[in-house]
Amino acid sequence: MNEPVIKGCAYLLAHAPDFVRYGSKPEREIEKNSALLDDINRHLRSFEEAVTYPPNQVFIGNLNPDELNDIPDPWYKNPVKQLLREGKYGEIMPEVEFYGVLKIADEFDLVWLDEGFIPRIREKLAQHPLFNEKDLQKLDKGHSPEAIKRKIDNEVSAPLYYGSTVIGCFNRHHDEDVTLFATVLMENLIGKASGALVVRHLLHKTKLAPEKVGYLLSCSEEAVGDRYNRGGGNLAKAIGEMCGCSNATGSDVKAFCSAPIYALVHAASLVKSGVFDNVVVVGGGCLPKLGMKYQGHLSHEMPIIEDVLGGIAFLVGKDDGINPVIRLDSVGFHSIGTSSSQQAIMESLVLKPLQKIGLKLSDVDKYATEMHNPEVTLPQGSGNVPLNNYRMIAALAVLQKEIAKKDIDAFVRQYGMPGFAPTQGHIPAAVPYLGHAIDAMKTGKMKNAMFLAKGSLFLGRMSHLSDGMSFLLEKNHAAKN
Amino acid sequence: MFENKKIIVFGERDGVPGPVIVELLQSIGADIVYSVTECFV
């Protein structure tokens, strides 16, 4: 059987504190009260603080999620001792370098960087294993501070900052089309740049030649397009182009925050059907969600920890007898006719698919739900998302008489884990745990794990429907461990 | 208590979504004038 397996994964965090001001919530509030900007800037983290933040170390694979249970909260006051920007699954990139990646991703002269800032970027990126001289040539010579100022003053370009210094600007590409205005294009290009960077990590880690990729699926959150086709899309191909995937085509999957699960199921289906042998699923970072909960962080006198852009990438391929299998017969989904109550959603995503393949809830070793870091959400009163989901799954186990009501907390501890992903919408959608699960299955520590995510499609005001999808990842039965 | 009362419903994705509240209140005679569900993550 040609069972689809996940051959590798990569994760990226791009530290982008000076883009927090362009996050949707901060930008709107700064517009109303310009004094707020100083307050926000005073609460931004240094790169060192972002790197040593325990949840970020879990995200790139240097810590296991369960290890967060042993680190006292608040985690931002209990950093890890080593400054490790590289992890088993990817890296945390500093802002200077990310400005370079943004410029390298820019095909339309959208990003103007100060000629004095370019050498600093070039020096750093020249040491990066995923960037070559051809990439560095795209940095060009940059522009004078006077030219950049003129762009900002006269052509509504958006200033780009490094700390308090303007180091460039982001230009619009049409004077009437709002979909090509500066901050919209900034959002889109950030999705492309971070998506391409994480795919480069994926190809490097899996040792797959870019030319061997057949299809790319982007589950990013942007809406690339123009005035006649907002959200027209295919960021996937733009990302593939930047990664040298010259023989591939691609498309985007849109399903709000659950899009990564949909994309992985699509990818697995394309492989199983034999249409493509190697399919890459990629999600780039989401600019609007930077600083989304900043108000809660300021009110609790804590740093703004939504200062990182996320990136996720997965390689789905044919059965290699080693890597874990996506069981397509286990796919769970929230159907159009299903109620939007939490119980109905969880039954659709967890109970029904398990029953379909003859498993009980306690037959699954770990559940990965939306892995939002609670330290981001709790100060703003948005709850502990993973914990609430785990309690719902445990409640289903009670209803199925698999556990007693008194055992709910123990069930949550055994089958769940603390949230550790940045609140970047699609990024926390269960898949941050894939790397850890793949490793645990390959070393014989785990036999299976279920991945489920919900999507808020009602936010687009086209329907009141809820959404969600799930699948079971299973150890490869041909594997020796 | 809710019969013939005009009700505005705010639901929350990870709590109780709007359509569930609407269904419940309509079953006891409430008049739902507006319903929306929000997501806070």
Side-chain angles (χ1 to χ4, degrees), chain A residues 25 256-258 286 289 292-293 295-296 306 334 337-346 369-374 376-392 419 421-429 453-461 463-468, chain B:
Chain A
K25 186 68 176 171
F256 271 100
C257 302
S258 54
C286 177
K289 290 199 171 78
M292 185 168 59
K293 304 288 177 195
Q295 289 167 318
E306 288 169 304
H334 178 266
T338 300
S339 158
S340 56
S341 74
Q342 290 302 309
Q343 184 176 341
I345 293 171
M346 282 301 186
T369 74
E370 288 129 332
M371 301 314 306
H372 296 83
N373 175 358
V376 175
T377 55
L378 285 169
Q380 183 70 349
S382 304
N384 184 331
V385 176
L387 181 61
N388 291 342
N389 282 325
Y390 287 128
R391 283 187 174 146
M392 281 300 302
T423 47
Q424 288 258 290
H426 59 311
I427 300 289
K454 291 182 278 185
S456 306
L457 65 89
F458 43 80
L459 297 175
R461 304 301 189 241
S463 166
H464 285 285
L465 280 174
S466 294
D467 194 17
Chain B
M1 174 181 178
F2 290 102
E3 203 168 357
N4 298 322
K5 294 278 170 63
K6 295 191 184 306
I7 307 283
I8 296 170
V9 172
F10 292 105
E12 202 260 317
R13 184 194 78 152
D14 291 309
V16 187
V20 176
I21 303 171
V22 168
E23 200 177 329
L24 182 77
L25 290 175
Q26 280 178 337
S27 74
I28 53 174
D31 178 11
I32 309 298
V33 293
Y34 181 74
S35 164
V36 70
T37 304
E38 293 295 348
C39 171
F40 295 102
V41 288

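We name chains A, B, ... by the order of the sequence lines, and we start the count at 1 in each one.
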Q.
Just so I know, are the side chains of B:Arg13 and A:Phe458 near enough to count as touching, which here means a heavy-atom distance under 4.5 Å?
A. yes
**Q.** Heavy-atom proximity to chain B below 4.5 Å, by part of A:Lys454
**A.** both
Q.
Under a 4.5 Å cutoff for heavy-atom pairs, which residue among A:Ser456, A:Ser466, A:Ser382 has the most contacts with chain B?
A. A:Ser456
Q | Those residues of residues 16-27 of chain B, ordered by number, that approach chain A below 4.5 Å (heavy atom to heavy atom) | A | B:Pro17, B:Pro19, B:Val20
Q. More than 12 heavy atoms of other residues, nucleotides or ligands under 6.0 Å from CD1 of B:Ile8: is that the case?
A. no
Q | salt bridge (Lys or Arg N to Asp or Glu O under 4.0 Å) pairs, two or more places apart, involving residues 31-41 of chain B | A | A:Arg461-B:Glu38, B:Lys6-B:Asp31
Q. Does the A:Lys289 side chain pair with the main chain of B:Val41, one donor and one acceptor, at a distance under 3.5 Å?
A. no
Q | chain B contact via A:Glu370 - which portion, at a heavy-atom distance below 4.5 Å | A | side chain
Q. Contact part of A:Ser341 toward chain B, heavy-atom cut-off under 4.5 Å: side chain, backbone, both or neither?
A. both
Q) Is chain B contacted by the side chain of A:Thr377, its backbone, both, or neither, given a heavy-atom distance below 4.5 Å? A) side chain
Q.
As an exercise: rank A:Val376, A:Val385, A:Asn388 by heavy-atom pairs under 4.5 Å with chain B and give me the winner.
A. A:Val385
Q.
What part of A:His372 gets within 4.5 angstrom of chain B, counting heavy atoms only: side chain, backbone, both, or neither?
A. side chain
Q) If you measure from CG on B:Asp14 to CG on A:Leu387, what distance do you get to the nearest 0.5 Å? A) 11.5 Å
